[in-house]
Asks: 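Before I ask anything, let me first share the structure, which is written out below as structure tokens.
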Amino acid sequence: MLVALALTACGGGGGAGDSTASVATTGTAVASIGTAATTPADAASADSADHADALASRSTSRIAGGVASSGTTQTDAARLLTQGTFGPTLADIQYVASLGAKVWVTEQLALPYTASRGIQAHVKAQAAAGVAPYQDVVLDGFWKQAVTTPDQLRARVAFALSQIFVVSFLGDLDDNTDLVSSYYDMLSANAFGDYRTLLEAVTRHPAMGKYLSHMRNLKEDTSTGRLPNENYAREMLQLFSIGIYQLNADGSNKLDANGATIPAFTSADVQGLARVFTGWSWAGADKTDQRFWNNPPTRDDIAYSTPMQGYPQYHSNAEKKFLGKTVAAQSTANPEASLKVALDAVAAHSNVGPFISKLLIQRLVTSNPTPGYVGRVAAVFNDNGAGKRGDLGAVVSAILLDSEARSTDVAATAGYGKLREPILRATAWMRAFGVTSLSGAYTVGITDSSSASLNQSPLRSPSVFNFFRPTYVVPGSSMAARGLVAPEMQINTTTSVAGYVNAMYYWVLYGAGKQGAAGKFDLQPDYTSQISMAGDPDKLLDHLNTLLFTGRLSATLRQQLKDVMNDIPLDGTAASIADKSRARVCLALLMSLTSPDFIIQK
Amino acid sequence: MHKPFSPSRRRLLAGLGSASALGLAATPFLKTLAATGTNSASDYKALVCVFLLGGNDAYNTVLATDSASWSAYTAARNVMPQSLALAPPGTPRVASADINTPAAYGGVLPIVPRTAVSGRSFALHPMLPSIRDMFASGRAAIVANVGTLVQPTTRDDYLAGRGALPPRLFSHNDQQSMWQSSAAESPQFGWGGAMADLFTDANASAAAFSAVSATGSSMWLAGRNVNMYQVNTNGPVIAGFPKEWLYGSRYGWDQLYAALRTTRADPLEQDQVALITRSMGSASQLSAVLPGTGSGGVLAAPLHTNPLTGAVGPNPLSQQLEIVARMIAARTDLGAKRQVFFVTLSGFDTHVTQNQGHTDLMAKLDGALAYFNSALASLPGGDASSLVTTFTASDFGRTLQSNGTGTDHGWGGHHFVMGGAVQGGDIYGQFPTIGLSTATDAGNGRLIPTTSVDQYGASLASWFGATGDQLDAIFPNLRNFGSARTLGLFRG
């Protein structure tokens with residue numbers, strides 16, 4: 001029975017004609033600005049050479065920014081798209097190959113932030129449709145954006161930022177969908193902007209105010225001894241800006257005369273800075289005690305997505321000393337003035353460039369960048385070439401275009417790259433196989449389960465320390481023996497690796513997300529073009545090698561995939577052949593998506 | 001700030017008997033041990049670490065109730081807008097009180113330690129009645145003011161920056177690492193794993209289950225020989241459906257398994273292959289012998305009722321302890337002689353609205369430990385509670401001084417040790433004077449620990465079966481504490 005079910009459920013047959021959104025290629029995104037777009041269906045079914053021609057002719061009119069196009073290999077294109085998007089599509093691979101990495105990055109950086117592509121737009125649309133405002137709606141908005149948005153690089157960097165400037169539904173966020181979706185959109189809006197601006201937006205967003213509890217933080221009271229809450233001051237320094245040790249320009253630790261590391265900040269710095277983060281609460285038309293203390297009257301109040309405001313009556317007017325800076329005692333407490341001094345000081349700290357650059361490199365490209373790579377990117381952070389510090393768009397460009405990101409020789413060195421975290425494995429599958437949502441709402445929901453799902457959901461980190469630490473070393477591992485970290489391995493457990501196989505078994509076969517009225521899962525892949533190649537395993541594997549493996553499908557796995565496909569003879573009636581062709585594709589996909597060739601990104 | 005390797009400090013330590021006291025020589029010691037792992041064991045013992053994630057507020061967990069202590073405690077904690085000062089012993093719960101106020105919890109629960117401390121009296125949080133009872137019956141002990149230390153440290157030392165301090169004090173992840181690894185820099189291995197390493201031969205076929213986490217990755221369990229096994233709270237998860245056809249392929253699962261386990265040259269790929277290979281082998285071995293819950297099996301974890309809201313739901317700590325109890329019940333079938341287990345309860349970083357949150361956490365801790373004690377006492381095959389010692393740990397304690405509705409990151413804290421082998425009913429270590437600017441105050445009531453994690457850990461490891469030299473290897477700073485190596489926590 002299972003077999004029969006499998007053969008009818010395995011994608012491509014029924015189609016998903018009634019879907020309302022589909023995987024957009026980053027190429028068509030740009031095209032939609034000025035030229036005709038190719039639909040995904042066209043892209044999937046077109047002969048690849050014709051398609052490349054079409055993309056090339058379409059794109060020439062777009063190289064208007066003066067960036068020379070030199071083209072690149074399909075492997076390099078697929079690698080770039082693996083690093084800088086939620087996963088390559090065949091159309092994007094052709095597009096990037098025709099234009100080259102630099103043009104694509106430049107085009108993506110030029111795409112403006114578009115609120116209608118944000119998660120809050122999805123939240124609002126769902127609310128208008130009468131869907132209950134549970135956190136699932138925010139998570140679904142994440143998946144919808146990841147799969148469909150044409151400004152993939154911005155979305156991918158926003159996801160990376162969400163793992164540095166962490167808020168989580170597992171903390172005190174009241175399950176408020178506006179609060180969390182507007183926070184995530186704020187990260188998207190600032191993804192290519194200015195670090196100092198981002199730091200202030202993070203600091204003042206009420207989601208962060210609630211998550212790290214500086215909302216309603218009270219000034220000291222010398223009569224009772226009450227002290228300000230130090231939470232945000234400490235974690236902002238440790239995790240969002242300068243880190244725990246003083247750093248050299250290349251991200252390595254500075255050492256003192258005895259060879260010891262040097263703390264980047266002290267408890268006194270934390271206590272001084274904590275005074276800055278007093279007297280902040282909900283934005284609104286006035287600064288009454290009532291507004292300070294009470295939550296907004298409705299769940300969708302604008303205050304949930306508006307930066308917090310200062311309330312002088314609760315803000316410390318005492319002297320505030322931190323990081324060598326002093327805010328003098330204020331005769332009238334002035335939260336905005338205190339904040340400006342504090343964030344200016346933090347953002348100007350020499351640690352920020354190497355600290356943030358290295359974190360972003362780890363999220364996008366490789367877990368163990370060389371000091372040279374970190375140093376080159378940090379230099380761009382410090383000065384984008386036009387005298388500007390903290391230009392995150394320039395930083396992202398420097399990360400992706402660096403020789404250490406692009407060189408296949410470097411990528412072939414032992415231990416290079418990173419483990420794809422489970423969310424990114426899932427988005428890669430969705431985008432590669434044109435997943436569409438039957439409901440249009442991408443109802444993936446919570447994917448926490450380690451036994452039957454991804455062991456990871458966006459915006460549900462266990463703590464502000466993210467799902468995994470950037471310094472995590474797998475004890476006793478091959479990587480550890482080389483002195484290499486593997487952050488994403490922290491959520492790869494003896495339970496979750498089995499749970500992932502089981503999740504993929506169902507996702508590949510039936511689709512993902514919640515079951516709709518007809519019993520079908522909401523997110524449906526389209527394997528039409530793969531099924532058409534099922535009779536020629538070598539052709540199918542060449543195709544998958546480009547689409548899933550950035551051209552590095554190992555000879556061993558290739559043979560294993562061929563064997564498992566060839567064990568199903570394509571014989572019998574036409575209907576039987578069609579079923580068996582689908583089975584071949586699903587077998588190849590399950591074995592691919594669970595393989596180290598795919599799970600390890602090089 | 002701290003100077004971990006100042007020359008003067010090294011000379012001083014050399015005078016104490018070891019130049020390796022700062023952990024510099026720890027690696028060779030442990031490597032030697034890892035090569036052996038030959039400690040023998042005819043009996044069974046297990047250690048269960050209950051890690052309270054976020055930094056438990058020890059001041060509201062174990063309290064000193066003598067008048068001097070109480071007035072200092074109240075002064076620092078009864079500040080606007082929300083008093084964090086619990087009510088004194090004997091205060092009845094006020095059912096109508098706001099659940100964010102201590103009046104809603106009732107008075108702290110008095111305990112009388114076997115060894116009296118002159119002028120002091122003690123109590124537990126009102127939501128710890130089961131631990132109070134286990135303390136009274138001698139089944140649970142308290143260890144006072146434990147924390148990360150390199151060497152004995154006074155307030156003067158701390159304020160003057162004299163001597164070696166644990167690095168990155170007050171930082172969550174770093175202090176969790178320090179607690180679990182007892183290593184100063186870039187720790188990778190934990191002392192739970194190091195204990196398990198000693199018994200790899202004894203565990204023989206159960207070696208894969210020497211170090212088990214019911215909660216994901218744990219540094220404490222990371223050994224040089226043993227790999228931690230991360231078990232789901234419902235039991236082992238098998239990859240795939242090996243008895244079925246796979247998508248119409250009769251041998252598809254076999255082919256998939258073979259592919260998953262094919263070794264690789266690249267270290268990152270090989271680490272992934274090694275993990276799933278272990279996962280598949282362990283799941284199949286464990287699922288064959290693991291008993292269930294309920295009639296004839298292991299006592300099932302009860303639901304938790306929030307004592308303030310009445311909300312009923314799972315207690316994540318009890319759920320984790322349930323699978324630990326089930327694995328202990330399978331010890332004979334597995335052939336296990338020594339096991340270390342790691343479980344966690346989250347939510348202790350109570351910077352704000354501490355009252356309600358911490359009170360429910362105390363109730364969860366109390367309910368889970370009581371459940372585990374009962375489950376072990378009624379384990380299929382007989383009472384195993386004397387074979388298992390359960391202890392708490394946490395990132396750090398918290399400040400005595402309130403910030404208005406919560407407390408901030410501290411250092412030392414009080415901990416519980418539970419089990420039939422424990423010489424319970426007593427407070428071990430030195431219970432600190434309560435107040436600000438006391439001899440153990442690092443500022444705002446952050447307790448400078450008077451018992452080190454190494455001493456605490458060595459006491460547990462000693463019961464587990466580690467010998468003297470092995471203790472020094474596992475706890476590289478233990479030698480800095482002179483003859484006070486262990487606390488005498490266990491029955492003789």
Asks: What part of B/Arg261 gets closer than 4.5 Å to chain A, counting heavy atoms only: side chain, backbone, both or neither?
Replies: neither
Asks: Atom OG1 in A/Thr224, atom CG in B/Asn78: separation rounded to 0.5 Å?
Replies: 9.0 Å
Asks: Heavy-atom distance under 4.5 Å to chain A: side chain of B/Asn232, backbone, both or neither?
Replies: both
Asks: Side chain from CB out, backbone as N, CA, C, O: work out which of these in A/Asn455 comes under 4.5 Å of a heavy atom of chain B, or both, or neither.
Replies: neither
Asks: Report the distance from atom CE of A/Met591 to atom CH2 of B/Trp253, rounding to the nearest 0.5 Å.
Replies: 9.5 Å
Asks: For a side chain to side chain donor-acceptor pair (under 3.5 Å) check, start with the C-alpha distance between A/Glu230 and B/Asn403, then their side-chain angles and the critical distance, and finish with the verdict.
Replies: CA-CA 9 Å; A/Glu230 299 170 3; B/Asn403 66 32; over 6 Å; no
Asks: Show the nearest heavy-atom pair for residues A/Ala486 and B/Leu268, with the distance to one decimal.
Replies: CB-CD1, 4.1 Å
Asks: Between B/Tyr247 and A/Arg582, does a side chain to side chain donor-acceptor pair (under 3.5 Å) hold up when you go through it step by step?
Replies: CA-CA 9 Å; B/Tyr247 300 159; A/Arg582 285 186 211 110; over 6 Å; no
Asks: Do you know which of B/Gln272, B/His351, B/Arg77 has the most heavy-atom pairs under 4.5 Å to chain A?
Replies: B/His351
Asks: Do you know the tightest heavy-atom contact between A/Asn502 and B/Ala239?
Replies: OD1-C, 3.5 Å
Asks: Please look at B/Gln255 and chain A and tell me whether the side chain, the backbone, both or neither of the residue comes under 4.5 angstrom of a heavy atom of that chain.
Replies: both
Asks: At a heavy-atom separation under 4.5 Å, does B/Ala283 approach chain A through its side chain, its backbone, both, or neither?
Replies: neither
Asks: What heavy-atom pair brings B/Gln401 and A/Gly225 nearest, and what distance separates the two atoms?
Replies: CD-O, 2.9 Å
Asks: Using non-hydrogen atoms only, which part of A/Ile244 is less than 4.5 Å away from chain B: side chain, backbone, both, or neither?
Replies: side chain
Asks: For B/Met280, which atoms come within 4.5 Å of any heavy atom of chain A: side chain, backbone, both, or neither?
Replies: neither
Asks: Using heavy-atom distances under 4.5 Å, tell me whether B/Val273 contacts chain A through its side chain, its backbone, both, or neither.
Replies: side chain
Asks: Among B/Gly54, B/Ser402, B/Gly404, which residue has the highest count of heavy-atom pairs closer than 4.5 Å to chain A?
Replies: B/Ser402
Asks: For the pair A/Phe465 and B/His172, name the ring-plane relationship: parallel under 30°, tilted 30 to 60°, perpendicular over 60°.
Replies: perpendicular
Asks: With rounding to the nearest 0.5 Å, note down the distance linking CZ in B/Arg264 to OG in A/Ser595.
Replies: 6.5 Å
Asks: Going through the checks in order, is the side chain to side chain contact (heavy atoms under 4.5 Å, CB included) test met by B/Thr407 and A/Asn229?
Replies: CA-CA 7 Å; B/Thr407 51; A/Asn229 171 355; over 6 Å; no
Asks: Looking only at atom types and distance, does a side-chain atom of B/Asp266 sit under 3.5 Å from a main-chain N or O of A/Gly415, one as donor and one as acceptor?
Replies: yes
Asks: Side chains of A/Pro475 and B/Met228: closer than 4.5 Å at any heavy-atom pair?
Replies: yes
Asks: Please output the residues of residues 553-562 of chain A in contact with chain B, using a heavy-atom cutoff of under 4.5 Å, in numerical order.
Replies: A/Ser554, A/Thr556, A/Leu557, A/Gln560
Asks: So which residue, A/Asp597, A/Thr493, A/Thr471, A/Val497, ends up with the most heavy-atom pairs under 4.5 Å with chain B?
Replies: A/Thr493
Asks: Quick check for you: among A/Ser478, A/Ala481, A/Pro228, A/Ser496, which has the greatest number of heavy-atom pairs under 4.5 Å with chain B?
Replies: A/Ser478
Asks: Does any heavy atom of chain B fall under 4.5 Å from the side chain of A/Ile568, the backbone, both, or neither of them?
Replies: side chain
Asks: Which bit of A/Phe468 comes within less than 4.5 Å of chain B, counting heavy atoms only: side chain, backbone, both or neither?
Replies: neither
Asks: With chain A as the partner, which of B/Asn234, B/Leu221, B/Val79 has the greatest number of non-hydrogen pairs under 4.5 Å?
Replies: B/Val79
Asks: Give, as side chain, backbone, both or neither, the part of B/Asp349 having an atom under 4.5 angstrom from any heavy atom of chain A.
Replies: side chain
Asks: Looking at A/Gly476, is its backbone amide N or carbonyl O close enough to the side chain of B/Gln188 to form a donor-acceptor pair, meaning the two atoms are under 3.5 Å apart?
Replies: yes
Asks: Do B/Asn173 and A/Arg469 come within less than 4.5 Å of each other through their side chains, counting heavy atoms only?
Replies: yes
Asks: Which one wins on heavy-atom pair count under 4.5 Å against chain B: A/Leu227, A/Val270, A/Val501?
Replies: A/Leu227
Asks: Counting only heavy atoms closer than 4.5 Å, note whether A/Glu235 contacts chain B via side chain, backbone, both or neither.
Replies: side chain
Asks: Taking side chain as everything from C-beta outward and backbone as N, CA, C, O, which of these in B/Pro81 sits under 4.5 Å from a heavy atom of chain A? Side chain, backbone, both or neither.
Replies: both
Asks: Top residue by heavy-atom pair count (under 4.5 Å) with chain A, among B/Asn444, B/Val237, B/Asp271?
Replies: B/Asp271
Asks: Regarding B/Arg250 and A/Asp567, does a basic nitrogen lie under 4.0 Å from an acidic carboxylate oxygen?
Replies: no
Asks: Rounded to the nearest 0.5 Å, how far apart are CD of B/Gln82 and CZ of A/Arg226?
Replies: 11.5 Å
Asks: What part of A/Ile599 gets closer than 4.5 Å to chain B, counting heavy atoms only: side chain, backbone, both or neither?
Replies: side chain
Asks: Name the region of B/Asp408, side chain, backbone, both or neither, that has any atom closer than 4.5 Å to a heavy atom of chain A.
Replies: side chain
Asks: Checking B/Leu260 against chain A: side chain, backbone, both or neither under 4.5 Å from a heavy atom?
Replies: side chain
Asks: Are the side chain of B/Ser279 and the backbone of A/Thr494 linked by a donor-acceptor contact shorter than 3.5 Å?
Replies: yes
Asks: As a quick check of understanding, evaluate salt bridge (charged side-chain N to carboxylate O under 4.0 Å, His left out) for A/Lys602 and B/Glu269, giving each step before the final call.
Replies: CA-CA 10 Å; A/Lys602 292 286 186 186; B/Glu269 291 186 353; 5.6 Å; no
Asks: Nearest 0.5 angstrom please: B/Thr405 OG1 to A/Leu218 CG, how far?
Replies: 7.5 Å
Asks: To the nearest 0.5 Å, what is the distance between OG on B/Ser171 and CZ on A/Arg234?
Replies: 7.0 Å
Asks: Under a 4.5 Å heavy-atom cut-off, does chain A meet the side chain of B/Leu169, its backbone, both or neither?
Replies: backbone
Asks: Side chain, backbone, both or neither: which part of B/Thr262 has a non-hydrogen atom closer than 4.5 Å to chain A?
Replies: side chain
Asks: For residues B/Pro267 and A/Ala414, report the shortest heavy-atom separation together with the two atoms involved.
Replies: CD-CB, 3.7 Å
Asks: Please flag which part of A/Arg216 lies under 4.5 Å from any non-hydrogen atom of chain B: side chain, backbone, both or neither.
Replies: neither
Asks: Pick one of side chain, backbone, both or neither for A/Gln238, based on which atoms fall under 4.5 Å of a heavy atom in chain B.
Replies: side chain
Asks: Is any side-chain heavy atom of A/Asn492 closer than 4.5 Å to a side-chain heavy atom of B/Leu275?
Replies: yes
Asks: With only heavy atoms counted, which part of A/Asp563 is less than 4.5 Å from chain B, the side chain, the backbone, both or neither?
Replies: both
Asks: Please flag which part of B/Ala259 lies under 4.5 Å from any non-hydrogen atom of chain A: side chain, backbone, both or neither.
Replies: both
Asks: Measuring heavy-atom distances to chain A, does B/Asp174 have an atom under 4.5 Å in its side chain, in its backbone, in both, or in neither?
Replies: side chain
Asks: How close do B/Ser249 and A/Val564 get, heavy atom to heavy atom, and via which atoms?
Replies: OG-CG2, 4.4 Å
